[in-house]
Amino acid sequence: MATETELAKQSVPINKIPKNSIESVIRVLVIRRGSITPYKNSRNEGTYRTIILVDEEGTKIQTTLFNKHIETWKDFLKPNKSYYIAKGRYDRVNPNYSSVHKEVELAFTDNTVIKETDHEVSTQKFSDGFLSLDAADNLPNGSVLDLICVLVSVNPIIQNATSKRREIVVTNELMEPTTVTLWGDFAENDGAFLDKLKDDKPILGLCDVRVSIYKGRFGISTIPVSSVLINPIFQKALDLRAWREIIEADNKDIIVAPTKAMKRAIEVPLDHILNGLLAESQDSMYKFKATIVDILNKDEPWYLSCKTCRKKVKVIKEAAACTNCNIDNVEYAMRYCLRLEVCGGEKRAQVVLFEAANNLLGCKKEECHYYRNLVLSKDKQFNFLVRIDLTDANPRRSLIAEEIHQLKDEAPIILEEEVRSVRKYRKRAKKTTNAAAQINQKKPKAAKD
DNA sequence: CCCCCCCC
């Protein structure tokens with residue numbers, strides 16, 4: 001077998017491989033190793049496993065291990081490790097199926113050789129192909145792209161007889177939180193791993209994911225040849241990390257960008273809402289500016305809520321009764337119900353926050369943090385988003401806000417006058433990020449295998 | 001040699 005020096009000398013970028021070559025050597029990073037999956041059709045039966053590889057130029061290539069080759073290479077091609085691969089066959093891709101490379105994919109033969117290498121494939125030159133979330137938002141439904149974003153949260157896996165899925169939420173400087181649906185082993189493996197990492201708010205490079213627009217809402221979905229990069233170190237990823245560090249240094253929650261609904265809503269004075277002086281709006285959404293003058297229930301801003309109907313439940317001896325559902329033993333959870341006294345113009349009103357209380361209180365669970373945010377919000381000005389039923393002629397005393405943003409938070413975009421401090425951050429991020437990213441990349445090795 | 005894209 002060839003030595004590492006010989007392999008290094010022979011290795012070429014994926015995009016330089018001559019047609020039908022079996023002599024080319026590549027040095028690649030494993031960015032996905034799918035689960036071993038059984039198959040059975042009219043012609044064949046067996047097992048397969050999909051592997052996605054990337055070279056230092058950021059060119060990806062996929063390969064499928066079949067049957068005995070899965071066993072042969074079980075200790076190789078591990079996620080986040082780098083390998084030389086020699087004597088592979090480079091086949092044309094089947095145009096009926098999506099692939100990570102337009103023209104070629106790698107096929108294993110009995111002569112194919114793999115050698116692990118400490119000369120790791122770096123992700124630092126990947127930048128160009130990755131789109132930001134806001135750029136992806138302009139693509140048509142079904143587009144496949146590489147996406148750079150920051151992880152906000154990870155939901156539990158949802159399983160039924162035929163499918164497994166898990167939703168995660170991601171964002172960036174300009175986008176409202178966006179849902180990414182992980183399917184199959186992405187939900188199980190990558191999802192479980194991200195769940196452990198979520199408090200670090202890692203930067204994610206989501207490769208070959210699909211735009212999935214449902215009921216007009218922009219979302220992202222994995223496809224069978226997607227892959228998930230955690231804390232890659234190319235420039236766009238470092239820029240996003242620098243932004244995240246600014247937000248964190250300010251002790252703000254990362255979900256600060258107003259949603260599209262907030263941006264689209266018609267702005268009116270509070271007075272007009274209270275007195276029904278509203279022009280019709282397409283989706284009945286209005287926003288107004290007001291100052292929080294008092295928090296009416298700051299000691300008890302939550303209630304025990306029925307998981308089915310969200311109404312208040314009565315807990316007697318560990319059993320929760322829901323009078324609305326008429327069931328004596330329902331599942332329930334703590335839910336925010338924060339009541340505020342606000343002042344807009346000359347008018348005062350009560351505003352109730354349910355989920356929107358998260359915007360005000362942050363998702364940080366520590367009580368001191370929560371109280372601090374609550375107290376600090378007093379006498380500050382906010383934008384409130386409300387849905388108003390124009391057919392209801394009754395005067396409005398209390399409003400339910402669906403979203404709330406402190407006015408200075410409205411544009412968490414790096415502004416012109418901040419550029420200098422951002423540069424400082426970027427420099428610092430560059431220095432610390434390379435090392436940090438490498439450490440972060442090491443973690444998956446143990447956990448993913 | 002596999003498999004095409006799912007759900008709220």
Side-chain angles (χ1 to χ4, degrees), chain A residues 22 30 32-53 60-74 77 88-102 104-112 136 139-147 152-170 176-191 206-228 259-261 307-310 355:
Chain A
I22 51 156
V30 177
R32 166 162 158 82
R33 181 164 76 157
S35 297
I36 300 169
T37 311
Y39 68 93
K40 187 179 179 173
N41 55 37
S42 56
R43 270 172 261 165
N44 292 294
E45 187 176 349
T47 51
Y48 72 93
R49 156 176 261 184
T50 302
I51 311 274
I52 311 287
L53 308 163
K60 285 166 289 187
I61 190 165
Q62 72 196 54
T63 184
T64 309
L65 295 180
F66 288 98
N67 306 317
K68 63 174 184 185
H69 290 144
I70 296 175
E71 176 63 20
T72 306
W73 299 112
K74 69 177 188 323
L77 301 179
R89 204 180 63 224
Y90 294 90
D91 293 344
R92 311 234 68 160
V93 302
N94 181 337
N96 295 327
Y97 301 120
S98 57
S99 177
V100 299
H101 193 283
K102 280 196 192 75
V104 289
E105 62 185 52
L106 170 64
F108 270 68
T109 73
D110 290 348
N111 298 322
T112 302
L139 297 176
N141 195 17
S143 308
V144 173
L145 73 147
D146 293 343
L147 184 71
V152 173
S153 61
V154 178
N155 290 328
I157 199 161
I158 299 167
Q159 253 186 95
N160 62 37
T162 53
S163 78
K164 281 179 197 144
R165 69 173 206 276
R166 185 201 292 263
E167 290 181 348
I168 65 172
V169 177
V170 301
E176 63 189 83
T178 300
T179 298
V180 177
T181 307
L182 307 178
W183 290 96
D185 64 348
F186 290 100
E188 260 182 316
N189 304 337
D190 302 71
L206 302 177
C207 301
D208 300 280
V209 288
R210 214 175 54 120
V211 172
S212 160
I213 295 165
Y214 177 74
K215 285 190 179 168
R217 225 182 155 75
F218 171 78
I220 295 288
S221 209
T222 63
I223 59 174
V225 296
S226 299
S227 39
V228 178
T259 65
K260 275 186 208 149
K307 280 195 177 177
T308 308
C309 71
R310 294 187 154 182
E355 268 63 42

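Proteins come first, then strands; the chains are lettered A, B, ... in the order of their sequence lines, and each starts at number 1.
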(message) List the residues meeting side-chain hydrogen bond (donor to acceptor under 3.5 Å, both in side chains) with N141(A), not counting sequence neighbours, and say none if there are none.
(response) none

(request) Using the test side-chain hydrogen bond (donor to acceptor under 3.5 Å, both in side chains), find all partners of R32(A) that sit at least two apart in sequence or belong to another chain. (result) D185(A)

Under 4.0 angstrom, heavy atoms only, what part of the nucleic acid is [X] near: base, sugar-phosphate, or nothing?
X       : answer
R49(A)  : nothing
N67(A)  : base
T222(A) : nothing
E105(A) : base

(message) Using the side chain to side chain contact (heavy atoms under 4.5 Å, CB included) criterion, which residues pair with T178(A)? Sequence neighbours excluded.
(response) L133(A), V170(A), M175(A), F218(A)

(request) Applying side chain to side chain contact (heavy atoms under 4.5 Å, CB included), name anything that partners T162(A), two or more places apart in sequence or on another chain. (result) N160(A)

(message) At a heavy-atom distance below 4.0 Å, which nucleotide of DNA chain B is the first touched by chain A, and which is the last?
(response) dC1(B) to dC8(B)

(message) How long is the straight-line distance from CZ of F186(A) back to OG of S226(A), given to the nearest 0.5 Å?
(response) 4.5 Å

(request) Could you name each residue pair satisfying salt bridge (charged side-chain N to carboxylate O under 4.0 Å, His left out) that touches residues 152-167 of chain A, not counting sequence neighbours? (result) K164(A)-E188(A)

